[in-house]
Amino acid sequence: MTSSVSYEKELTRQLAALRRYLMNERKMSVSDWKEIRRAYKFAKEAHAGVTRKSGEPYIMHPMAVARIVAEEMGLFRDSIIAAFLHDVVEDTDYTLEDISREFNVRVSEIVDGLTKMSKLSFEDKTISTQAENFRRILLTISEDIRVILVKIADRLHNMRTLEFQKDHKQLKIASETLFLYAPLAHRLGLYNIKSELEDLSLKYSQPAIYQEISSRLDKTKEEANDYIEMVKRTVSELVTTTALSFKIKSRFKSIYSIHKKISEKGVSFEEIFDLYAIRIILETRDGHEFEDCWKVYAAISAVYYPNPTRTRIWLSTPKESGYQALHMTVIGPEGKWVEIQIRTERMDDLAEKGPSAHWRYKKMIEESASSEGNDTIEHDYDVLLADWVDQIRTILENPELSALEAVQEVRRSIRPEDMQVFTPKGQIIRLPTDATVIDFAYYVHTKVGQHAIGAKVNGRVVSLDYILQTGDQCEVLTSTKQQPKEEWLKFVKTTRAKNMIKEVLRQQRREYIVKGKEIFIWYAKRHKVTENSEMVKEFIKYLSLDGLEDLYYNLGRRNLEISKIQEFNQLRSEGKLYPQEKTTPLDTELLVLGKNITIEKYESATCCNPVPGDDIIAFHKGTKAIIHRTSCEKAINMMATHGDQIVKVRFTDKDSLSYLTALKIEGLDRQGILIDILQIISRVMHINMRKVTIDTKDGLFQGLFLVYLKNKDELDRLTTRLKSLDNVTSVMRTDSKFQPFEEE
Ligand code: MN
């Protein structure tokens, strides 16, 4: 049992440590320090008599948060004061007005944001209210970034003392931390804090895994110690030749990132070769930072060969989080791979303290008259940060997104693993790591996105869903005929591009609806029906359409001919309509034979329950198809009455699976060439086809043929046959998104 006297002693000790840090290392003015001390006393008095779950007096918590804010985040007076006061309004009788009067408006605004957030994050009941809470938490970011910084510090201390919480609370707090606070810390460039938050989350959410990795890591640290010391010595000698002043350290991968690598890449602990890295921190020389980093790189490469594919350059173009460094991986002593990170003191400070370090250096640069020739501020961090905050606000305020979707979008945007792709002129475009050509196109310009048909990446033609890599040079190919397509939404990754595509599709849909309505009205007048008539309602239900608007849309898009209503009406009045069939969804891949229609969903009729191997037939209704066995009574009747809705389908035969293969065939155009090609594919070789797109230009033709092939042998035979045709110059496999003459 700890007595109150010893808590007093502890608090005095902590306050003295904070004072020492601020006054000595940060050169804080005495008057600022006095304000901070006053905040401490105010909070201590306000929380007097209250204890935490650990049994400590409550004030120990704000003290810890204030020290994190000051010492680990490097923030300034008002944030430190706000950290001391962050729970006062929430937990005591003091109001915001009291704080604003006692301290200043800025402090009270930060405390206000924090109070709103703490009210939110502990009352969740369902996923959606939880998501709504996250949404509001994120909205506070756009008010004042310091609110979220103090909140992260608060969360860090709560995680450090999580052992005192009940089990279910531990899990909830840990998962919230992993979901939101760790990514935020990462995005803000607080790397140490991010790693600690992740490790602590893992410790409570998956204790067995955490213990396992942690003990193996400890063992490795012991075993690798001599080797690391030796590398440090030899690398030190090399760096010394540059005559620069430096410090050398080593760091191990965090437990969480090891866990992530093992589970995502499917490797074992022993297979992780970058378990540790050597870090060289150079004394900052204004105007020579990048040059100095490269000098060190060259000095090390002179002896240890770097793997060029693993060199990471974040100098003139930092990561989105502001991170700057030069990383190299070399074959070190004994032929082992070693990662070496080269940074200046300033870059190191940025990597540890994030925003506050950026603000501090910016101020220093602005204050120093000799900022000329300085190569460190090409990318204004505040501008980047403001862009990001803007982006978050746009997502959160989008009325089309549910709270959950909005939070997921924001999480996407805070993932700092981004890449840089170059335009043909060498301009850099930043994109998330899994971005595709279409994302890139929309970032270049809306019009480029809307009309994109493909791209040349490093000189090679690729389709719109091609996933870009960092360093790629990408030239978007456009065609004025091109229009945004629904299928783009399946692979587009960035919110910006997604929203723009959706907007155009919405417009298109509106146009189709108007057109479809005109068609309907024309029909309705002649047949004396109204849009509200029972027959029309039944028709909509019969086709499983989503209401009247959907009917218009399908009519306008020509997915559905108006004559179908008349046929339906006829069958209905003759009593030949079949009742809605009972069906179950079907996962199996089916081959559609003959007809060129799009079927998005297959359902299996429960009257005959077809299974793979059966001969089957499908009736399509809109984009849905219902499968019956060909022997089914009902199906036989339906074939008679609904002949035009029949689609011939076949279960993919398990023994002779067919693979969809895209062939690009080109040559000199002549009459009948298409027929000749089709003859060979279907008549001679009996190969099923899914789609054919062909185009001619200046006497040449190019075509895309999507065919189902059983194996390579069949492909070779087909290729040989096709090549033997007059005027066919080449037959090759291509991407299924290929469009004829897309290079133009
Ligand atoms: Mn707190």
Side-chain angles (χ1 to χ4, degrees), residues 7 10-11 14-15 18 36 39-73 75 78-96 98-99 102-103 107-124 133-134 136-138 140-141 143-166 169-182 184-185 188 190 193-194 196-197 200-201 204:
Y7 281 129
E10 177 60 17
L11 280 166
Q14 297 232 19
L15 193 68
L18 180 62
I36 290 170
Y40 158 70
K41 289 191 167 153
F42 188 94
K44 192 179 176 216
E45 196 268 324
H47 292 297
V50 183
T51 51
R52 293 193 95 212
K53 289 217 166 63
S54 58
E56 296 175 327
Y58 197 87
I59 186 63
M60 299 295 276
H61 168 64
M63 170 62 90
V65 177
R67 289 194 67 186
I68 293 168
V69 163
E71 298 168 36
E72 295 180 51
M73 292 182 169
L75 288 170
D78 287 349
S79 307
I80 301 169
I81 293 176
F84 271 120
L85 305 175
H86 80 271
D87 280 331
V88 163
V89 174
E90 169 74 4
D91 295 343
T92 75
D93 292 335
Y94 286 100
T95 62
L96 276 177
D98 295 333
I99 289 187
E102 281 288 326
F103 297 93
V107 170
S108 81
E109 277 169 359
I110 302 173
V111 174
D112 186 26
L114 289 159
T115 307
K116 281 183 195 150
M117 278 166 72
S118 66
K119 270 196 191 127
L120 291 167
S121 54
F122 284 99
E123 314 169 334
D124 65 302
N133 287 345
F134 282 137
R136 289 196 222 155
I137 288 171
L138 289 165
T140 61
I141 297 176
E143 285 164 16
D144 186 337
I145 200 94
R146 289 176 298 180
V147 175
I148 201 75
L149 289 167
V150 179
K151 182 67 194 177
I152 290 171
D154 178 36
R155 177 51 60 114
L156 180 58
H157 185 245
N158 286 333
M159 287 299 292
R160 283 175 181 171
T161 53
L162 199 56
E163 59 189 295
F164 301 108
Q165 291 282 358
K166 290 194 190 94
K169 268 254 164 99
Q170 284 181 346
L171 272 180
K172 181 184 158 327
I173 295 171
S175 62
E176 242 180 38
T177 301
L178 207 52
F179 181 81
L180 193 65
Y181 294 100
L184 278 171
L188 291 164
L190 303 159
I193 289 177
K194 168 240 171 196
E196 191 179 346
L197 286 173
L200 287 166
S201 299
Y204 289 97

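Note that the structure is a prediction, hence the values are computed from the model and not measured. In what follows, every heavy atom counts, from backbone to side chain, and hydrogens, waters and symmetry copies are set aside. We count ligands from 1, going down the list as the structure has it; atoms in each ligand are counted the same way.
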Would you please say whether a donor-acceptor pair under 3.5 Å links the side chains of His47 and Asp87? no
For Gln170, which residues count as a side-chain hydrogen bond (donor to acceptor under 3.5 Å, both in side chains) partner, sequence neighbours excluded? none
Ring geometry between Tyr94 and Phe42 (parallel below 30°, tilted from 30 to 60°, perpendicular above 60°): tilted
Leaving waters out, which protein N, O or S atoms fall under 2.8 Å from the Mn ion (ligand 1)? His61 NE2, His86 NE2, Asp87 OD2, Asp154 OD1
Once you round to the nearest 0.5 Å, how far does CD1 of Ile68 lie from CG of Leu156? 4.0 Å
Less than 4.0 Å between a side-chain N and a carboxylate O, is that true for Lys172 and Glu176? yes
NZ/NE/NH1/NH2 to OD/OE distance under 4.0 Å, Arg160 and Glu196: yes
